[in-house]
Enquirer: 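Here's a structure for you.
Atoms within each ligand, like the ligands themselves, are counted from 1 in listed order.
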Amino acid sequence: MKENVLHYLSTRGTAPRQSFSEAVLTGLAPDGGLLVPETIPDIAADSRHWQSMSYRELAMAVMRPFTDLPARDLDDIVTASLGKFTHSDITPLRSFNDLHILELFHGPTLAFKDLALQFLGNLFAYLLDGRREINLLAATSGDTGSAAIAGVRGQPGIRIFVLYPAGRISALQERQMTTVPDENVAAIAIDGSFDDCQAIVKELFSDAAFKQRYALGAVNSINWARVLAQIVYYFYGAFRVMERTGAKQVRFAVPTGNFGDIFAGYMAWRMGLPVSQLILATNANDILARFFSSGDYSRSEVRPTLSPSMDIQIASNFERYLYYRAGENPETVRQWMQTFRNTGGLRLEAMEGSRIDPLFSAVPADDPAILKTITQTYQTSGYILDPHSAAGVHAAMQQGLDGDPVVCIATAHPAKFPDAVDKAIGRPAVHDTLECLKQLPTREHKLPNNADAVRDFMVRHIESHHSPESRQEMPCR
Ligand SMILES: *Cc1c(COP(=O)(O)O)cnc(C)c1O
């Protein structure tokens with residue numbers, strides 16, 4: 001093994017440390033914790049030089065110290081992954097006076113998850129190297145599934161099974177998954193909520209014999225490689241806004257569901273990027289907003305909203321943040337997770353240190369507030385927000401746009417959510433790729449809310465479908 005290569009530890013502290021490559025292939029640590037880097041590279045010495053880099057160069061600079069790959073190979077993977085983006089800046093910044101919007105939706109499925117999942121798909125194919133197979137299993141509340149499928153469809157050695165809550169994702173999001181022709185892809189509608197889908201995934205991953213026999217892998221936001229790819233645009237967005245405004249530090253407003261996106265921002269801050277505030281935006285499912293404003297982390301029912309990709313109560317990446325809040329003490333994390341499991345809640349009084357983290361501020365937005373933000377932004381700037389991005393802009397406005405500039409992260413193209421946009425501005429937004437999907441045939445699978453049913457389906461599918469040798473043509477892209 002090479003010297004000085006960063007390793008990964010479990011947030012719960014009872015699993016052996018792993019290399020980057022192992023961490024990517026396993027996803028979840030064997031003790032049920034999440035993998036975090038042993039140390040966080042400090043960029044202080046390099047950051048001046050980083051400001052003039054292209055997105056691709058910056059991606060290399062940011063990611064390289066976290067990985068164990070030869071630079072040439074990482075460069076190939078990054079280049080291939082960014083190659084599917086249709087904008088030359090990859091994540092362009094749009095500014096309207098004090099409103100700065102970082103558009104993360106120029107990938108194949110028009111949502112920010114493409115940034116992580118194009119990378120992960122190519123990384124998996126590279127690590128498997130034609131010698132091994134992997135069966136990916138994921139739960140999605142909408143965008144993850146289609147972006148994961150777009151990242152791995154037709155990749156040699158990989159099959160993917162995506163569970164989504166039947167009837168609770170947008171029709172277009174469903175079509176983005178069910179129209180993919182590649183045989184290594186199965187999108188499965190589960191009769192339940194997103195949390196039910198996630199619970200099935202967790203249960204199957206904790207079935208050690210099944211996991212081992214069928215080489216299960218994760219693509220959900222717990223995979224470290226996804227977090228890693230997302231750190232890059234925090235740097236890119238901060239540098240572009242600093243250039244434009246002359247500011248020395250910036251804030252970010254982040255529409256949050258599973259805490260993956262904003263956790264990448266937190267990592268960027270820990271690396272030394274001058275971020276003065278992370279504004280966490282939720283929709284009506286406000287567990288995280290409650291936590292960051294009062295220290296109360298207690299789950300309730302998932303409420304369906306106009307921003308379905310944020311309809312989440314238990315944020316799967318949150319344990320990574322708790323690990324740092326616990327002073328990187330895995331014993332404390334284990335206790336907290338135990339308390340949360342037993343009582344459905346956690347109060348910060350029970351935690352060490354101050355109740356509130358000054359880096360974060362949190363703002364929830366219900367559907368009317370989200371619609372109003374879409375309407376007002378359209379009226380004042382002529383810019384159409386999707387309902388997730390609107391939660392972020394709403395949060396930024398609540399915090400006030402004077403002070404350090406706020407980079408509002410735009411997580412999806414507005415055409416993905418035509419009903420919400422129509423309600424807000426009297427017409428839907430459109431996008432050619434999505435219009436084209438409406439003509440394509442679909443392949444649908446439907447299963448009850450039950451881990452055994454999903455396990456049986458997977459076994460049958462794996463034993464009857466070879467992993468692909470090449471990609472099918474995607475007629476709409
Ligand atoms: C996934 C998603 C989010 C939430 O991101 P997390 O990383 O889960 O916090 C927000 N908006 C859109 C459009 C998404 O697809």
Enquirer: Identify, for atom 6 (P) of ligand 1, the protein heavy atom at the shortest distance, and state residue, atom and that distance.
Expert: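 Protein heavy atom with the smallest distance to atom 6 (P) of ligand 1: Asn258 N, 3.5 Å.
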Enquirer: Heavy atoms only: which of Asp386, Thr411, Asp261 lies closest to atom 11 (N) of ligand 1?
Expert: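 The nearest heavy atom belongs to Thr411.
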Enquirer: Centroid-to-centroid, Phe66 to Phe20, below 6.0 Å?
Expert: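 No, the ring centres sit 6.0 Å or more apart.
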Enquirer: Would you say the side-chain atoms of Asp196 pair up with the backbone N or O of Ser193, donor to acceptor, closer than 3.5 Å?
Expert: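 Answer holds: yes.
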Enquirer: Could you pull out all donor-acceptor pairs under 3.5 Å where a side-chain atom in residues 199-206 meets a protein atom, sequence neighbours excluded?
Expert:
residue: Ser206; atom: OG; partner: Lys202; partner atom: O; Å: 3.3
residue: Ser206; atom: OG; partner: Glu203; partner atom: O; Å: 2.9

Enquirer: Measuring from atom 5 (O) of ligand 1, which candidate in Phe417, Phe112, Phe259 has the nearest non-hydrogen atom?
Expert: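 Checking each option, the heavy atom nearest atom 5 (O) of ligand 1 is found in Phe112.
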Enquirer: Enumerate the residue pairs fulfilling side-chain hydrogen bond (donor to acceptor under 3.5 Å, both in side chains) with a member in residues 364-382, sequence neighbours excluded, ordered by first and then second residue.
Expert: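 Residue pairs passing side-chain hydrogen bond (donor to acceptor under 3.5 Å, both in side chains), neighbours aside: Tyr378-Arg427.
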Enquirer: Does either side chain, that of Glu319 or that of Thr11, offer a donor lying less than 3.5 Å from an acceptor on the other one?
Expert: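 Present: a donor and an acceptor within the cut-off.
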Enquirer: Please write down residue, atom name and distance for the protein heavy atom closest to atom 9 (O) of ligand 1.
Expert: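 Here the nearest protein heavy atom works out to Gly257 N, 2.7 Å.
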Enquirer: For ligand 1, which atoms sit closer than 4.0 Å to a heavy atom of Ala412?
Expert: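 Counting atoms of ligand 1 from 1, those under 4.0 Å from Ala412 are 13 (C).
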Enquirer: Can you tell which of His413, Lys113, His388 gets a heavy atom nearest to atom 14 (C) of ligand 1?
Expert: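 Looking at heavy atoms only, Lys113 sits closest to atom 14 (C) of ligand 1.
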Enquirer: Relative to Tyr236, does Arg240 satisfy both conditions: NZ or CZ under 6.0 angstrom from the six-membered ring centre, and within 45 degrees of the ring's axis?
Expert: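 Yes - Arg240 lies over the ring of Tyr236, closer than 6.0 Å to its centre and within 45° of its axis.
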Enquirer: Under 4.0 Å from a heavy atom of Ser309: which atoms of ligand 1 are those, numbered in the order shown and with their elements?
Expert: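 Selected atoms, number and element: 2 (C), 12 (C), 14 (C), 15 (O).
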